[in-house]
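Indexing begins at 1, ligand by ligand and atom by atom, following the structure's order. If you're wondering where the values come from, they're calculated on a predicted model, not measured in any experiment. The chain is numbered in sequence order, starting from 1.
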Amino acid sequence: MADKIKNAKIVFVVGGPGSGKGTQCEKIVAKYGYTHLSSGDLLRAEVASGSERGKQLQAIMQKGELVPLDTVLDMIKDAMIAKADVSKGYLIDGYPREVKQGEEFEKKIGAPALLLYIDAKAETMVQRLVKRGETSGRADDNEETIKKRLDLYYKATEPVIAYYEKRGIVRKINSELPVDEVFAIVEKAIDELK
Ligand SMILES: Nc1ccn([C@H]2C[C@H](O)[C@@H](COP(=O)(O)OP(=O)(O)OP(=O)(O)O)O2)c(=O)n1
Ligand SMILES: Nc1nc2c(ncn2[C@@H]2O[C@H](COP(=O)(O)OP(=O)(O)O)[C@@H](O)[C@H]2O)c(=O)[nH]1
Ligand SMILES: [Mg+2]
């Protein structure tokens, strides 16, 4: 099983909260049939289950902090294994959040072939999240938590991009443009993988 995943194409999708990662991932799934695994969605599913672990996760996420590394990684790995037979590739959305998460992922699962860096300005991200918060029902889409998520993004996650840039697998995507124009750039990066 683990071997099957090792040979699959792995794409990390990294960018600030509200940059448009989920939006682009949906479009990639529709065109390329990749398996989309959003680490945030996996965590929110655990919270929704009402489990004891879910309650602990909820408290961390509401503060805009990162949940323990092993928790997220185990969830991603299980979800990857569940799709191993049918998956053409994996979009790992919202992970790694810090360099250490990337290192552990590679030890336990495999190396990414590409990192899509979804880039938007801080003001843009805040605006989008506040708007999303009107309907998302997400406990962390409020101004106070958004600010903390952004701070943590710049501090912990941006170094991830520099780390993978050294390997030449980063494609920076300007997500200030309309969704379809952003996707046109994303398509080029995915097509290069073939
Ligand atoms: N590897 C990860 C992924 C997520 N989280 C936690 C902290 C995040 O604030 C929360 C929500 O994750 P999302 O990826 O959904 O959140 P984003 O802030 O990126 O927003 P978005 O849904 O807009 O991508 O889950 C975490 O601790 N570790
Ligand atoms: N203008 C514009 N808005 C976008 C784009 N991508 C996402 N959005 C909006 O920004 C919000 C956050 O997008 P989402 O995909 O959830 O971002 P994520 O937090 O990075 O997963 C959504 O409600 C979208 O409406 C884009 O490329 N252009
Ligand atoms: Mg998302």
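- Considering CD of E103 and CD of E98, their distance stands at 9.5 Å, rounded to 0.5 Å.
- Within 4.0 Å of ligand 2, protein heavy atoms come from G16, P17, G18, S19, G20, K21, G22, T23, R128, R132, S175, L177, V179, V182.
- Listed by number with element, the atoms of ligand 1 under 4.0 angstrom from any heavy atom of G94 are 1 (N), 2 (C), 3 (C).
- Using a 4.0 Å heavy-atom cutoff, G18 is listed among the residues neighbouring ligand 1.
- A distance-only check finds a donor-acceptor pair linking the side chain of R149 to the backbone of D140 [under 3.5 Å].
- Close contacts between ligand 1 and M61 involve ligand atoms 6 (C), 10 (C), 25 (O) [criterion: under 4.0 Å to a heavy atom].
- In this structure, atom 20 (O) of ligand 1 lies nearest to the protein heavy atom R149 NH2, 3.0 Å.
- Separating the CG atom in L116 from the CD atom in Q24 is a distance of 8.5 Å, to the nearest 0.5 Å.
- Screening residues 169-181 for side-chain hydrogen bond (donor to acceptor under 3.5 Å, both in side chains), with sequence neighbours left out, gives K27-D180, T124-E176, R171-E192.
- In this view, E144 and K148 satisfy the salt bridge (charged side-chain N to carboxylate O under 4.0 Å, His left out) rule, not counting sequence neighbours.
- In this structure, K31 places its NZ atom where more than 12 heavy-atom neighbours from other residues, nucleotides or ligands lie under 6.0 Å away.
- Looking at M75, M125, R138, it is R138 that brings a heavy atom closest to atom 21 (P) of ligand 1.
- Atom CD in E65 sits 8.0 Å away from atom CG in L152 (nearest 0.5 Å).
- Between Y95 and F12, the ring-plane angle classifies as perpendicular under the 30° and 60° cut-offs.
- The protein atom (non-hydrogen) at minimum distance from atom 5 (N) of ligand 1 is L43 CD1, 3.4 Å.
- Polar contact check, R132 against ligand 1: a nitrogen or oxygen pair lies under 3.5 Å apart.
- Residue contacts with ligand 1, taken as heavy atom pairs separated by less than 4.0 Å, involve V72 solely via side-chain atoms from C-beta onward.
- Of all protein heavy atoms, the one closest to atom 3 (C) of ligand 1 is S39 OG, 3.2 Å.
- Remark: the backbone N or O of L115 is not paired with any side-chain donor or acceptor of Y164 at under 3.5 angstrom.
- Taking CG of D93 as the start and CD1 of I118 as the end, the distance is 9.0 Å to the nearest 0.5 Å.
- With respect to atom 11 (C) of ligand 1, the closest heavy atom belonging to the protein is R44 NH1, 3.5 Å.
- For atom 13 (P) of ligand 1, the choice among E65, R97, E98 with the nearest heavy atom turns out to be R97.
- Listed by chain and residue number, nothing satisfies the salt bridge (charged side-chain N to carboxylate O under 4.0 Å, His left out) test with R128 (two or more places apart in sequence, or in another chain).
- Electrostatic pairing of D70 and K77 does not count as a salt bridge here, judged by no charged N lying under 4.0 Å from a carboxylate O.
- With hydrogens left out, the protein atom closest to atom 24 (O) of ligand 1 is K21 NZ, 3.0 Å, a heavy atom.
- The protein heavy atom nearest to atom 27 (O) of ligand 1 is V67 N, 2.6 Å.
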